[in-house]
Q: 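One structure, as structure tokens, below. Some questions next.
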Amino acid sequence: MTTLTCQSTKEALMAYLENATRVAQVGSSCVATLPIPTVDGRLVDVFVENALGDYFVVHDGGKAVNELILQDLRVTDSIEEHFEALAKRFGISYTDETFKATVRAAEIQSTILAVGMCSSLAMGQLVGHVPLHAEEPIRNQFGHALRTWAKKRFKVADDV
């Protein structure tokens with residue numbers, strides 16, 4: 001019979017994280033594949049690149065947004081605002097469809113985790129994004145209102 005202690009649990013968890021994390025050199029970047037799953041069944045990749053001096057850029061390469069687009073989800077203004085707020089909560093930024101931060105060497109590990117978590121959480125949009133009324137293109141909004149108003153008065157073509 002195995003006795004479960006906090007120390008043995010920590011050691012087992014650390015061993016799992018070590019075995020499940022992959023880091024590879026790709027060109028001038030390091031790519032860390034983290035054992036953080038996404039709702040579409042992937043693991044998160046985070047890129048670390050030398051910037052200037054002892055600064056590094058840590059980012060997801062836009063993979064979260066690209067995966068959403070590949071799965072036919074339109075990245076609207078409200079989704080962008082959600083991603084910006086999510087990134088801010090983790091102390092990083094969301095710009096140009098990418099979760100990223102520029103940090104010094106001592107902050108790389110925590111930033112890799114922050115970027116990885118944001119990239120994974122962003123995929124939650126696939127589960128149940130309900131578009132806000134403001135997200136509909138103005139043509140659809142106006143067309144729907146016009147057709148509803150005109151229903152008993154006259155016929156309005158679909159492309160109006």
Side-chain angles (χ1 to χ4, degrees), residues 13 16-17 20-151 156-160:
L13 178 60
Y16 167 77
L17 291 173
T21 302
R22 303 280 180 252
V23 179
Q25 183 81 33
V26 177
S28 62
S29 301
C30 286
V31 181
T33 302
L34 305 173
I36 300 173
T38 63
V39 296
D40 63 337
R42 297 178 303 107
L43 294 178
V44 173
D45 288 330
V46 178
F47 301 82
V48 180
E49 299 175 353
N50 285 328
L52 185 61
D54 64 342
Y55 286 92
F56 297 85
V57 178
V58 180
H59 61 90
D60 76 336
K63 290 186 84 169
V65 171
N66 289 329
E67 287 294 327
L68 291 172
I69 292 168
L70 286 173
Q71 297 193 39
D72 289 331
L73 190 130
R74 189 169 153 256
V75 180
T76 61
D77 290 342
S78 69
I79 291 175
E80 294 264 343
E81 289 169 7
H82 172 75
F83 290 168
E84 289 169 6
L86 180 64
K88 186 176 180 179
R89 288 280 180 123
F90 281 87
I92 62 173
S93 67
Y94 175 78
T95 54
D96 301 324
E97 300 182 341
T98 305
F99 292 102
K100 63 183 166 187
T102 302
V103 297
R104 291 200 151 149
E107 303 167 274
I108 288 176
Q109 291 76 17
S110 62
T111 306
I112 288 171
L113 289 175
V115 169
M117 289 303 299
C118 286
S119 189
S120 176
L121 289 169
M123 297 306 295
Q125 292 294 325
L126 291 175
V127 173
H129 174 69
V130 178
L132 298 174
H133 185 66
E135 292 177 357
E136 290 184 50
I138 191 68
R139 181 177 174 177
N140 289 346
Q141 290 179 35
F142 182 73
H144 177 71
L146 181 61
R147 283 189 296 280
T148 301
W149 173 81
K151 196 176 273 185
V156 177
D158 286 340
D159 63 346
V160 172

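Numbers for residues simply follow the sequence, beginning at 1.
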Q: Around atom CG of Leu70, are there more than 12 heavy atoms from other residues, nucleotides or ligands closer than 6.0 Å?
A: yes
Q: If only atom types and distance count, is the side chain of Ser120 paired as donor or acceptor with the main-chain N or O of Pro37 below 3.5 Å?
A: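 Answer holds: yes.
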Q: May I ask you to decide if Ile69's main-chain N or O and Glu67's side chain share a donor-acceptor pair within less than 3.5 Å?
A: no
Q: What's the shortest heavy-atom distance between Leu86 and Ala122, and which atoms?
A: CD2-N, 4.2 Å
Q: Which pair of non-hydrogen atoms, one from Val39 and one from Met123, has the smallest distance, and what is that distance?
A: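 Distance-wise, the nearest heavy atoms are CG2-O, 2.9 Å.
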Q: Look at the rings of Tyr94 and Phe99 and say which category their plane angle falls in: under 30° parallel, 30 to 60° tilted, over 60° perpendicular.
A: tilted
Q: Atom NZ in Lys88, atom OG in Ser93: separation rounded to 0.5 Å?
A: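 So the NZ of Lys88 and the OG of Ser93 are separated by 12.0 Å.
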Q: Go through the steps to decide whether Phe47 and Thr98 satisfy the test side chain to side chain contact (heavy atoms under 4.5 Å, CB included), and finish with yes or no.
A: CA-CA 11 Å; Phe47 301 82; Thr98 305; over 6 Å; no
Q: Once rounded to the nearest 0.5 Å, what's the spacing between atom CD1 of Ile79 and atom NE2 of His82?
A: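 Taking CD1 in Ile79 and NE2 in His82, the distance rounds to 8.5 Å.
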Q: Which atom names give the shortest non-hydrogen contact between Ile92 and Cys118, and what distance separates them?
A: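 Taking Ile92 first and Cys118 second, the nearest heavy atoms are CD1-SG, 3.8 Å.
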Q: Within a strict 4.5 Å, meaning less than it, do heavy atoms of the Leu121 and Phe90 side chains meet?
A: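 When only atoms from C-beta onward are counted, Phe90 and Leu121 do touch, with a gap below 4.5 Å.
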Q: Under a 4.5 Å cut-off applied to non-hydrogen side-chain atoms, are Glu97 and Val75 in contact?
A: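 The answer is no, as the side chains (C-beta and beyond) never meet within the 4.5 Å cut-off.
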Q: So, Thr38 and Asp40: side-chain donor and acceptor under 3.5 Å apart, yes or no?
A: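 Asp40 and Thr38 do have a side-chain donor-acceptor pair below 3.5 Å.
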Q: Would you name the heavy atoms of Asp60 and Val115 that are closest together and state the gap between them?
A: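 Nearest heavy atoms, Asp60 then Val115: N-CG1, 3.6 Å.
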Q: If I compare all heavy atoms of Ala32 with all of Ile112, which pair ends up nearest, and what's the gap?
A: CB-CG2, 4.4 Å
Q: Considering all heavy atoms of both residues, which atom of Asp45 and which atom of Lys63 are nearest to each other, and what is their separation?
A: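 Closest approach of Asp45 to Lys63: OD2-NZ, 2.8 Å.
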Q: What side-chain donor-acceptor pairs closer than 3.5 Å can you find for residues 101-108, not counting sequence neighbours?
A:
| from | atom 1 | to | atom 2 | distance (Å) |
| --- | --- | --- | --- | --- |
| Arg104 | NE | Asp54 | OD1 | 3.4 |
| Arg104 | NE | Asp54 | OD2 | 3.4 |
| Arg104 | NE | Tyr55 | OH | 3.4 |
| Arg104 | NH2 | Tyr55 | OH | 3.0 |
| Glu107 | OE1 | Arg104 | N | 3.3 |

Q: Hey, could you give me the NZ/OG1 distance between Lys100 and Thr95, rounded to the nearest 0.5 Å?
A: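 Going from the NZ atom of Lys100 to the OG1 atom of Thr95 covers 3.5 Å.
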